[in-house]
Structures are given as structure tokens and as C-alpha cells.
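For ligands, and for the atoms within them, numbers begin at 1 and follow the listed sequence. Owing to the predicted nature of the structure, the values given are computational and were not obtained by experimental measurement.
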Amino acid sequence: MSSTLDFEITLTDQPTPAAERERVLADPGWGVHFTDHMITIRYAEGKGWYDACLEPYGPIAMDPASQVLHYSQELFEGLKAYKQADGSIVTFRPYANAARMNRSARRMAMPEIPEQLFVDALELLVRTDRDWIPGKEGQSLYLRPFMFATTRALGVNRPANEFLFVVIASPSGLYYPRGIKPVSVWLSRDYVRAAPGGTGEAKTGGNYAASFAGQAQAVEHGCDQVVWLDAIEHRWVEEVGSMNLVFVYGSGAGARLLTPALNGALLAGITRDSMLKLAPDLGIPVEEGKISIEEWQAGCESGEITEVFGCGTAAIISPVGHVKGSDREWNIGTGEPGPISMKLREELIGIQYGTKPDPYGWVHPIH
Ligand code: PLP
Ligand code: COI
């Protein structure tokens, strides 16, 4: 393994018994079980990255004055390791996650991590805990790299200068237990997720903390997910929950896609980017643009918009079947997942699980 750092390896002396692990893997849920090990790497200004470790999964001792606990200087990423049809283990576009973490780091005044060190850390953890990768369709080992400020200081005149990078891994099934049944969404006018010049395009924990009230409001209105609108006019559609949105116009050979353009407030999803590349190969043109809630409603009512889906690593593709707001409500399509959404989903899953060709070299084998 070529790495920018050598990892010190300490294996757990209390591994999860195989029978217990198999019980977890039979029905892992999402993000609630964790493997036996984790990665930690420290950073200090002037010294760079140091103390790279693979160690037993467990609590992290923190000074109560650590900056992250007060000012949320934090970043995270999310990607999956898959067991492919032939038994090989792969991740999907890990260098894209590394690059995004570094873009987030620049926005949050945090240190960038060498992309190869990021990928080496993932590989080492997956290799060590490979028995934790569930093998059934739709299952995977969700990898959660994250980084936070450990500097002990309450002042806010300068960003922290010490950080901890960690990777944990969680055997996971479907993100939404109801599978790919279309979800209902609530148009949030009271809360915004992100504003121009803010942190929407950074994958930082504060964005998600700020979204919980909007998500709770969606649930109060009987909806599964919240749709985030732009911060200024509250009418331009940006994201759904923690996913990017894709609109399907027309059907069959005439279908085309529109997804909101990256405007600084949206997170640049790797699933979104993959869709933008795969769809044209399947004969489906794509456009990055703008769509208002009025255009969304009118398009569904005229039949021009036939399908809408959210896309992200966790849920892959999540069709939207019903939209509700304080002054409007409408349905999309038939209430079943649409054919274009399903075709794109199958194509992407096929690449990830090794049952379809990988034309862009996205699949990253772990030996
Ligand atoms: N949008 C937000 C706000 C997200 O948090 C995520 C995923 O974490 C996405 C979109 C989808 O990104 P990706 O496809 O890289 O998982
Ligand atoms: C995604 O992977 O699409 C997510 O949105 C992850 C989420 C739990 C933050």
C-alpha cells in the first residue's frame, strides 16, 4: 500500500463474536451498528498529519473546550463498500469523496487531507473489517470519514489549529425501510437549509443540525421528507432532505432530465454527478438548470414532468410521489417508481455491485 503515512495497527482483543455479527448483518438497519475498528489521524498546524492509527472502535476522549463542541468546526463524508457478485470488495468513487472533503475543508477553514491518505485510510478499515460487509442486494458497508477541531480554546478570532480525522464503518441496509416506494415531500417556507455564501456546498454537520426543525415540520404535515427552497425568494427548488433532486420530463425515448444547477447552496452529490454522466449514455439528455415550485406543479399537472427523484449515496434513488406546501399540493406520476428512475437506479447499482460494465472506472477494488 502506498501511503503518505504508516498506520500503527492495534487490533481489538474483544472482536464481536461471529454469531453476533451474523445476527447484525441479517438485518443491519441503517447507521446503527458499527464494525470492530476505526481509523484516527491527527493534525496540528506546522506539523501536518501524524499519528495515523487503526484501532478498536470506541469512545474518543475530548477536552470539553474542544472547538468543535462550541463552534461546529466539523466535516464529514459518506460512501459505501460493496461485496460484488464475484465476492470482490469495492468502493465507489472514493477519490471524489476525498476531493469533496477537501473542498468542504477550504470553506470551513480546516486542513486538507492528502487524497491518497484518505483513500488508504478507507481501504485499511474495509480490509480489516471485511467480514462486516453484508452481502444481500441493497446492502453495503457505509463508510463515514469525518474531521473536527480539537483545539482547546473558546475564542473565535481564529480557526482551530488541531484536528482529528476519523473513519468509522457501519453495515447498512436500505436507508428508507419502505424501500423505493415514492415518498411525500413538504415544501419548507419557514426554514432554509443554505444561502448563497453560506456553507450549503460544504458537507459540515451544522447544515444537518439546522435541517432537523424543517424535517420535523415535514413530518408534522404528514410528509416523509422536506424540500429545501432557495433562501431569497423561497420558490426555487434546491434539494430534498439530504439528497439532490432530479426531474424527468417526457417519457420513453423522449425523456430528459433536469437537476438544479450547483449554485453554492447545494451539495455537489456524487450520485448526482454519476447520474449526469450515465443518463446521456442511456440516451437520456440532461440539463442543469433552475425550477420553481410553480413550474414543478404546472409541469406535473400538464403531464410534462413524469417522474421526480432524490438521489444520494445512502438511499441511491428515492422517487417522490406527492408534494405538499402550505398553499398547494399535487401528485407526481402514478404513485409507483417511474421507469426512468428505475432504469437509472439499476444502471448505477449494476456498476456498484459488478453486474454491469463500469465505463468510467468508478469502482475501486480493495484487495
Ligand atoms: N445533498 C446533501 C445535502 C447531502 O447530504 C448528500 C449526501 O450526503 C447529498 C446531497 C448526496 O450526495 P452523494 O450523492 O455524494 O451522497
Ligand atoms: C446520503 O448519503 O445521501 C446522505 O444524505 C447521508 C445522510 C445520512 C447525511
Side-chain angles (χ1 to χ4, degrees), residues 28-34 74-82 91-104 107-108 118 122 138-146 168-177 180 183 185 188 191-195 198-212 214-215 218 224-231 237-246 259-279 288 309-320 344-345 348-349 351-352 362 364:
W30 203 91
V32 288
H33 297 285
F34 298 91
E74 190 265 359
L75 304 175
F76 69 96
E77 271 301 327
L79 70 164
K80 291 171 169 173
Y82 307 85
T91 54
F92 185 71
R93 305 189 67 182
Y95 289 95
N97 291 91
R100 186 170 65 190
M101 187 166 225
N102 285 336
R103 289 199 304 275
S104 300
R107 175 62 182 84
M108 298 300 292
F118 177 99
L122 298 177
Q139 296 182 329
S140 58
L141 185 66
Y142 181 77
L143 305 174
R144 171 54 65 89
F146 58 108
I168 54 175
S170 175
S172 292
L174 295 174
Y175 189 66
Y176 296 117
I180 52 164
V183 296
V185 296
S188 177
Y191 301 108
V192 294
R193 192 192 86 89
T199 57
E201 66 184 346
K203 209 161 158 60
T204 180
N207 290 342
Y208 300 79
S211 76
F212 291 137
Q215 173 61 24
D224 300 299
Q225 286 287 315
V226 55
V227 170
W228 300 112
L229 303 172
D230 76 288
V237 180
E238 296 200 329
E239 302 204 57
V240 60
S242 59
M243 287 181 284
N244 294 116
L245 263 170
V246 179
T259 188
L262 302 178
N263 61 2
L266 278 70
L267 190 83
I270 291 160
T271 316
R272 172 188 183 278
D273 184 71
S274 305
M275 291 291 151
L276 290 176
K277 294 197 170 72
L278 289 178
E288 294 176 82
F309 60 86
C311 66
T313 297
I316 314 168
I317 277 183
S318 174
V320 179
L344 288 163
R345 184 175 188 273
L348 185 62
I349 290 181
I351 295 172
Q352 292 168 336
W362 286 337
H364 179 83

Query raised in the report: What's the shortest distance from atom 5 (O) of ligand 1 to any protein heavy atom, and which residue and atom give it?
Result: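 Closest protein heavy atom to atom 5 (O) of ligand 1: Tyr208 OH, 2.5 Å.
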Query raised in the report: Roughly how far, to the nearest 0.5 Å, is CG of Leu79 from CZ of Arg93?
Result: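 Arg93 atom CZ to Leu79 atom CG measures 11.5 Å (nearest 0.5 Å).
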Report task. Decide whether an N or O pair under 3.5 Å exists between Thr313 and ligand 2. Result ->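 In this structure, Thr313 places an N or O atom under 3.5 Å from an N or O of ligand 2.
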Query raised in the report: How close does the nearest protein non-hydrogen atom get to atom 8 (O) of ligand 1, and which residue and atom is it?
Result: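 Scanning the protein heavy atoms, the shortest distance from atom 8 (O) of ligand 1 goes to Lys203 NZ, 2.2 Å.
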**Report entry** Check: Phe118 and Asn102 side chains under 4.5 Å, non-hydrogen atoms
**Finding:**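 Asn102 does not reach Phe118 side chain to side chain.
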Query raised in the report: Starting from atom 6 (C) of ligand 1, which protein heavy atom do you reach first, and at what distance in Å?
Result: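 Answer, as residue, atom name and distance: Ser242 O, 3.0 Å.
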**Report entry** N or O contact, Arg272 vs ligand 1, cut-off under 3.5 Å
**Finding:**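 In this structure, Arg272 places no N or O atom under 3.5 Å from an N or O of ligand 1.
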Query raised in the report: How far is atom 12 (O) of ligand 1 from its nearest protein heavy atom, and which residue and atom name does that atom have?
Result: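 Here the closest protein heavy atom is Gly269 CA, 3.3 Å.
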Query - Gap between atom CG of Leu75 and atom CE of Met101 - 0.5 Å precision - result: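 If I round to the nearest 0.5 Å, the distance is 5.0 Å.
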Query - Candidate list Thr259, Leu245, Asp230, test side-chain contact (heavy atoms from CB on, under 4.5 Å), partner Val237, passing option - result: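 Of Thr259, Leu245, Asp230, side-chain contact (heavy atoms from CB on, under 4.5 Å) with Val237 is met by Leu245 alone.
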Report task. Output the list of atoms in ligand 1 that are nearer than 4.0 Å to some heavy atom of Arg100, sorted by atom number. Result ->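 This gives 12 (O), 13 (P), 15 (O) as the contact atoms.
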Query raised in the report: Between the side chain of Thr91 and the main-chain N/O of Ala81, is any donor-acceptor distance below 3.5 Å?
Result: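 Absent.
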Query raised in the report: For atom 1 (N) of ligand 1, which protein heavy atom lies nearest, and how many Å away is it?
Result: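 Ranked first by proximity to atom 1 (N) of ligand 1 is Glu239 OE1, 2.5 Å.
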Query raised in the report: Can you list the atoms of ligand 1 that are under 4.0 Å from a heavy atom of Arg193?
Result: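 Once the distances to Arg193 are compared, the set is 3 (C).
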Requested in this report: Evaluate salt bridge (Lys or Arg N to Asp or Glu O under 4.0 Å) for Glu201 paired with Arg103, printing each intermediate quantity in order.
Outcome: CA-CA 9 Å; Glu201 66 184 346; Arg103 289 199 304 275; over 6 Å; no
**Report entry** N/O donor-acceptor pair under 3.5 Å between Ser104 side chain and Lys203 backbone
**Finding:**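 It does hold such a pair.
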**Report entry** Side-chain donor or acceptor of Asn97 paired with backbone N/O of Gly78 under 3.5 Å
**Finding:**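 Checking the backbone N and O of Gly78 against the side chain of Asn97, a donor-acceptor pair under 3.5 Å is found.
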Requested in this report: Could you check if a side-chain atom of Glu239 sits within less than 4.5 angstrom of a side-chain atom of Arg272, using non-hydrogen atoms only?
Outcome: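 A side-chain contact is absent here, since even the closest heavy-atom pair is not under 4.5 Å.
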Query raised in the report: Between Asn244 and ligand 1, is there a nitrogen or oxygen pair with a distance under 3.5 Å?
Result: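 No - when backbone and side-chain N and O of Asn244 are compared with those of ligand 1, no distance drops under 3.5 Å.
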Query raised in the report: Heavy atom under 4.0 Å from ligand 1: found in Met243's side chain, backbone, both, or neither?
Result: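 Near ligand 1, Met243 shows its backbone, while the atoms from C-beta on stay back.
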Query raised in the report: To the nearest 0.1 Å, how far is atom 6 (C) of ligand 2 from its closest protein heavy atom, and which atom is that?
Result: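 It is Tyr142 OH, 4.0 Å.
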Query - Identity and separation of the nearest protein heavy atom to atom 14 (O) of ligand 1 - result: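 Protein heavy atom with the smallest distance to atom 14 (O) of ligand 1: Thr271 OG1, 2.6 Å.
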**Report entry** Per-atom contacts of ligand 2 with Gly312, taking only distances under 4.0 Å to non-hydrogen atoms
**Finding:**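 Those qualifying, in numeric order: 3 (O).
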Report task. Keeping the roles fixed (side chain from Trp228, backbone from Gly241), state whether a donor-acceptor pair exists under 3.5 Å. Result ->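 Here the side-chain-to-backbone pair exists.
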Query - Nearest-contact summary for atom 2 (O) of ligand 2 - protein heavy atom, Å - result: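 Checked against all protein heavy atoms, atom 2 (O) of ligand 2 sits closest to Ala314 N, 2.9 Å.
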Query raised in the report: Would you say Ser242 and ligand 2 have an N/O pair spaced under 3.5 Å apart?
Result: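 Yes; the residue has a nitrogen or oxygen that sits under 3.5 Å from a nitrogen or oxygen of the ligand.
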**Report entry** Residue, atom name and distance, where the atom is the protein heavy atom closest to atom 8 (C) of ligand 2
**Finding:**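 Ranked first by proximity to atom 8 (C) of ligand 2 is Tyr175 OH, 3.5 Å.
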**Report entry** Trace of the side chain to side chain contact (heavy atoms under 4.5 Å, CB included) decision for Phe146 with Glu74
**Finding:** CA-CA 7 Å; Phe146 58 108; Glu74 190 265 359; 4.0 Å; yes
Report task. Verify, without hydrogens or angle tests, whether Gln215 (side chain) and Asp224 (backbone) share a donor-acceptor contact under 3.5 angstrom. Result ->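 Pair found, side chain donor or acceptor close to backbone of Asp224.
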Requested in this report: Among all protein heavy atoms, pick the one closest to atom 16 (O) of ligand 1 and tell me residue, atom and distance.
Outcome: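 Result for atom 16 (O) of ligand 1: Thr313 OG1, 2.6 Å.
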Query raised in the report: Counting both backbone and side chain atoms, is some N or O of Ile270 under 3.5 Å from an N or O of ligand 1?
Result: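 For ligand 1, there is an N or O atom that lies under 3.5 Å from one belonging to Ile270.
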Query - Heavy-atom nearest neighbour in the protein, as seen from atom 11 (C) of ligand 1, with distance rounded to 0.1 Å - result: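 The answer is Gly312 CA, 3.7 Å.
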